[in-house]
Protein chains: 4
Amino acid sequence: MIGGGRGAFIGAVHRIAAIMDGQSELVAGAFSADPKRSQASGADLLLSPARTYRSYVEMAKAEAAMPAERRLDFVVIVTPNHLHFHPAKLFLEASFNVISDKPLAFNLAEALALQKVVRKSKKIFALTHNYTGYVMVKQARNLVRSGKLGVIRKVVVEYPQGWLSTRLETTGQKQASWRVDPKRSGAGGSVGDIGTHAENLASYITGLKIDELCADLTSFVKGRRLDDDANILVRFKGGAKGVLIASQISVGEENNFNIRIYGDRAALEWHQEYPSDLVVKYPDRPREVWRSGNAYNEMGAKRFDRVPAGHPEGYLEAFANIYREAFRAISAEVEGRKAPSHLDFPTVEDGVAGMLFIENVVKSAKSGSKWVKFRSPS
Amino acid sequence: MIGGGRGAFIGAVHRIAAIMDGQSELVAGAFSADPKRSQASGADLLLSPARTYRSYVEMAKAEAAMPAERRLDFVVIVTPNHLHFHPAKLFLEASFNVISDKPLAFNLAEALALQKVVRKSKKIFALTHNYTGYVMVKQARNLVRSGKLGVIRKVVVEYPQGWLSTRLETTGQKQASWRVDPKRSGAGGSVGDIGTHAENLASYITGLKIDELCADLTSFVKGRRLDDDANILVRFKGGAKGVLIASQISVGEENNFNIRIYGDRAALEWHQEYPSDLVVKYPDRPREVWRSGNAYNEMGAKRFDRVPAGHPEGYLEAFANIYREAFRAISAEVEGRKAPSHLDFPTVEDGVAGMLFIENVVKSAKSGSKWVKFRSPS
Amino acid sequence: MIGGGRGAFIGAVHRIAAIMDGQSELVAGAFSADPKRSQASGADLLLSPARTYRSYVEMAKAEAAMPAERRLDFVVIVTPNHLHFHPAKLFLEASFNVISDKPLAFNLAEALALQKVVRKSKKIFALTHNYTGYVMVKQARNLVRSGKLGVIRKVVVEYPQGWLSTRLETTGQKQASWRVDPKRSGAGGSVGDIGTHAENLASYITGLKIDELCADLTSFVKGRRLDDDANILVRFKGGAKGVLIASQISVGEENNFNIRIYGDRAALEWHQEYPSDLVVKYPDRPREVWRSGNAYNEMGAKRFDRVPAGHPEGYLEAFANIYREAFRAISAEVEGRKAPSHLDFPTVEDGVAGMLFIENVVKSAKSGSKWVKFRSPS
Amino acid sequence: MIGGGRGAFIGAVHRIAAIMDGQSELVAGAFSADPKRSQASGADLLLSPARTYRSYVEMAKAEAAMPAERRLDFVVIVTPNHLHFHPAKLFLEASFNVISDKPLAFNLAEALALQKVVRKSKKIFALTHNYTGYVMVKQARNLVRSGKLGVIRKVVVEYPQGWLSTRLETTGQKQASWRVDPKRSGAGGSVGDIGTHAENLASYITGLKIDELCADLTSFVKGRRLDDDANILVRFKGGAKGVLIASQISVGEENNFNIRIYGDRAALEWHQEYPSDLVVKYPDRPREVWRSGNAYNEMGAKRFDRVPAGHPEGYLEAFANIYREAFRAISAEVEGRKAPSHLDFPTVEDGVAGMLFIENVVKSAKSGSKWVKFRSPS
């Protein structure tokens, strides 16, 4: 594990997600840019001091030199955004599989470079857009793909949070301070941190690609340099329309991530805070509430259930589903087997799409909220 | 009553709203442009044939000639949009109070002209933006005005319907046919029909005025000339931001009108389909659900309750609340008393604001969805 | 109208329910046992003093003497429970149709006597078990009758309120004072006031008859003589089981009346505070939410809709549905026509069942909460 | 681990719960009464064949003989009910800490015997009444204990499931077959399987002890010998009343476990299927929705949060919370430290209370649903 030391939030989430199914074990780490903090964090986690490294560079070197049977099967990168690219590149080039937190990189240029590295390396690269790990998100995708909604006309996706309603970054809160810093977070504030989740969720479920967008970004909290609120009109290729909202000043909201998708035959609605419910609405018959854990869900969704219906799936299990699926690929890679078919985890391509999204949103906002046409990355 | 004959929908709603509290009685009407249909409708309603008119022009003349004690106290206009202005003007100039369905008129020019007529007439003019009649909408306004939310930063207001997902207008459905016809509906489709409700609700609760907007209008159903879907970014005077969605192709939605308002101290959320609940969200304490019928609501809201808490308020009661409040003004006018203070019903000014909204939305959409600055009507 | 003067609650509800559809008008009343209060209440309601009576006895006499074309078509009784029987009998015997608030009478003996009077009179007698007026309750009944749920196995019906959590009756609150007084309310407290609604709703939807029950009644508030909390196990004829809860000390509850019915094929759930939703649950497919106002509901339900789907039905409309249906019978009676088929309003038989329920519940409670077998009233 | 081999459900849940926080590892097991199945299950779990035992008796012997540093810190018992007592006794007497699935034993006699063994052994014994592991259940307890609700008057607790609505036990479904078999399940069907969860939850949150109860048990499915539906009236010591419902034929229900608790000052409501929400209702102010993950929760609840507010807690995390807390005690025991204060996990005493509950419920039901006074186990 790279990053995720004391004071970090997402590192612990990744650790639980990685071990939940008894398929992996934490054996090495470089948990902080500060070597002492790294050592202390390793000790907290009952790790051998020998494999608690002072830096990820040291770690890459040392681990690459290990005999095959002791070598890491994969590394997990849970650092702030500006420190995704370099360790990912380093470990991929040293022949390690990589699981990285999102967004993919600091900017689009890095993202495209990393894409090339991944392709060249032939290693597995998974990006933890964790919300697509929920069973009912997978079922939503299945319903769309099976044609149940007909042709998609409209997507409304919102990710409102309220935790940055005040100037939390000046209080020493570690999560806030790097997220509002353009040098560590990149060009997007709320857009990068959670807007990319919204973009990814819409894309995962519908398969639609953004054609152009018009973004109104605001920094409501005085002195904040990155956006803390984003309202975006979207036009998808093929004619569907969308509204995408990401906000970290929507006071009182926790992680009220939700999506509504309207086709010409039916619609669906899903809320991350109540993830076991997927509502399907029809023009001419009663609404349905599809629930996780049921046999009636399609195989591509229900194979991710761990417990029977009525036992709520949590955030950590959804996160672990990303890991579980990536492990199917990683095991094959490690054992030299052919990759299983029907893999379902976010990859470097999703990451590139996310960086492209951020770049275009910021471009629109900086141009006076004009419409910006997406250019395809080559 | 002008309009509201056989086959109409909103006429019956107005009739129930008007009589619910035992304060008024239907005594005369011109229910249709077709004299026979008007007579038949009058008979349906047990009206005297003598006061069932062949046209509203005839009605205005005949009723104006009545002795004071038999004269109408007010007329209700429930015709399609293109027939709001002329009867309203006619009856106002003949010294009748007027209650009119929304939007105010066919276009902004008519609206401004009507505003002048109202001012000159010194008669009461009420516009049935009925959703502001709900008790918890009134409580929402009270909470905002009392400063509970702090400075408003963001408003998300949506009015999704699905009933025009297919080309209903070609089936002879009367409600659909005039609403999609630019000659009867005006320049806005979904924007005029329900977008104005959204604009009015946001304005009613927050008091914010739109400064500029960027609108993406779509006609999803083939052959339809007016928009059936509207996604609009809004900037309010003073710095607040907004997203306004109106849609009649959001398949499976009934009247899922809802609003979320975020201040710098707290937020609120209200859904028209579950109108007795008003959710207030805080950064640092449990969410609250305020409910209609309770003594803890403020006087400006709870004076509209008819039944105790837990007995749901319906659409018709909210509608009747507009009437009930307008009647307070009309009674005073009729009896030559001073108007009561604290009147709470939509007026011609709300109507002008609505027409200004439609005009600017359409202007933005036609300009390639550019931002349009509101000009103040003089 | 008998009763319902100043300070009363349910009188106003009946008046709105009666006039909402423009089918009736209040023309006479004896609003209070206190002649002055009766006169004052009549004046409040803009009634002619000549038809505002000092007592219901006077009223019955005077109105019976009126010429046919001015005579009342029906009277409405909205007095406390101990004053239901006598005026009902009086007016029925004077050939008036009667609409009465529930419960039917003060005790079972009165109820049975009244049943005989009704039968002999051949007049219409309607009892306002208003909750069965909701459209989705009617749809629930239709679903059960159509066999959608299969054989009913279990019914859980609850009516929790909190308004009598404290000793409100000592504060002069009129509603509380008669309800907790055995001389005016009868043998049941919460059981009579709201338990009968629960019994009636279960019976209305399922058609099941209670075979035996075991009741635990409590008076939680010190000094209160009637039960303010009732927990009852029920066995229905045919083998279904039930739990019936009525409580007026369930603090914080408003009118959280709800029912769940389990068959061997499907189940349904309905909540009075959110009356437009009817949830149907299946063993092997997604839950459904049936909503009022939709064409997919059965005729026996949707003929009671006044507004389109998504415009919430309120308590008053449900109440008015009882009136609307009773009016179909009353109009026929008045005009000497044959009664329409498919009438759907509660009658004296429902009232007798309710009194039988109260009597048996109290009997069980007084016997140390033993099981009590229902005897059939002859 | 004892039990939990191929085809079992709850074994996998325990394994995830045990390892989620990186504090324990599965190293040995006797997974089935069938030695071959045990071996196969051990292999599935990547366990060393040397520590995959043919029986738990063999396992106890072999593990007890291990050197201290390799010895198990605790064993987990996840067998059907009739196989809880013997292995628990065996391992406790061999000086192992034990974590056991509920109910505690096959009958009350075993339960009391086991209680003695636990006391004598001075080992840690934890019983996985997992629903008390949810953060908001802990917060509910804190609210009750802090007096926020005042004196508790009424408890309504329901655990409806629908999965045994049909005769599933004849299809070879392993979960169903032992649960409906009196030889393996004990005297209670739904009462033992889920009724004990309901009893435990009510007791955990309120601290109330049952004084007497009256139970109506039914076997709705033909040929089933144990109850599949239980409706129980409860009187608590001190005067509070209760209704407890457990059902496995409530068709369409998944695990709709919920509780409502009414005090004389406020009430609370919690639903297992939406576990992050805890609703508090007051007589005179807005309802509150307390949510997991927030700083405003009390320490005794929020110390169990793993992720920030708005990221839903799942069934597995709640289950893991029982483990996490038991581990605090087990670590202390293993290291010879003093047990930490404020331990919060179910113990043998909860298990005895559960068996006492089952025994009395069945006794009441068999006596024709008479009231049964609880006798205290000595």
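A, B, ... follow the sequence lines: proteins, then strands. Residue 1 opens every chain. No experiment lies behind these values; they were computed from the predicted model shown.
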Look at the aromatic rings of A:Tyr131 and A:Tyr315 and report parallel, tilted or perpendicular, splitting at 30° and 60°. tilted
Partners of A:Arg141 by salt bridge (Lys or Arg N to Asp or Glu O under 4.0 Å), sequence neighbours excluded? A:Asp344
Less than 4.5 Å apart, any side-chain heavy atom of C:Asn142 and any of C:Arg145? no
A:His14 side, atom NE2; A:Leu316 side, atom CG - distance, nearest 0.5 Å: 11.0 Å
So if I take each residue of residues 283-302 of chain A and look for any heavy atom under 4.5 Å from a heavy atom in chain C, which residues do I end up with? A:Asp284, A:Arg285, A:Pro286, A:Arg287, A:Glu288, A:Val289, A:Trp290, A:Arg291, A:Tyr296
Has the side chain of C:Ser250 got a donor or acceptor atom that lies under 3.5 Å from a matching backbone atom of C:Gly162? no
To the nearest 0.5 angstrom, please state how far the CG atom of C:Leu201 sits from the CG atom of C:Asn130. 10.5 Å
Sidechain-backbone polar pair: A:Glu313 side chain, A:Val135 backbone, donor-acceptor under 3.5 Å: yes
Supply the atom-to-atom distance A:Glu317 CD to A:Asp305 CG, rounded to the nearest 0.5 angstrom. 10.5 Å
Backbone of A:His129 reached by a side-chain donor or acceptor of A:Thr132 within 3.5 Å: yes
Under 4.5 Å, heavy atom to heavy atom: which of residues 146-159 of chain C reach chain A? Give them by number, or say none. none
Are there residues of residues 252-270 of chain A whose heavy atoms fall under 4.5 Å of chain C's heavy atoms? If so, which? none
When you check the side-chain N and O atoms of A:Gln272 and A:Tyr134, is any donor under 3.5 Å from an acceptor? yes
A:Phe357 and A:Leu213, any side-chain heavy atoms less than 4.5 Å apart: yes
Using 0.5 Å steps for rounding, measure from the CG atom of A:Leu244 to the CD atom of A:Glu199. 8.0 Å
Check: A:Lys237 side chain, A:Glu212 main-chain N or O, donor-acceptor pair, under 3.5 Å: no
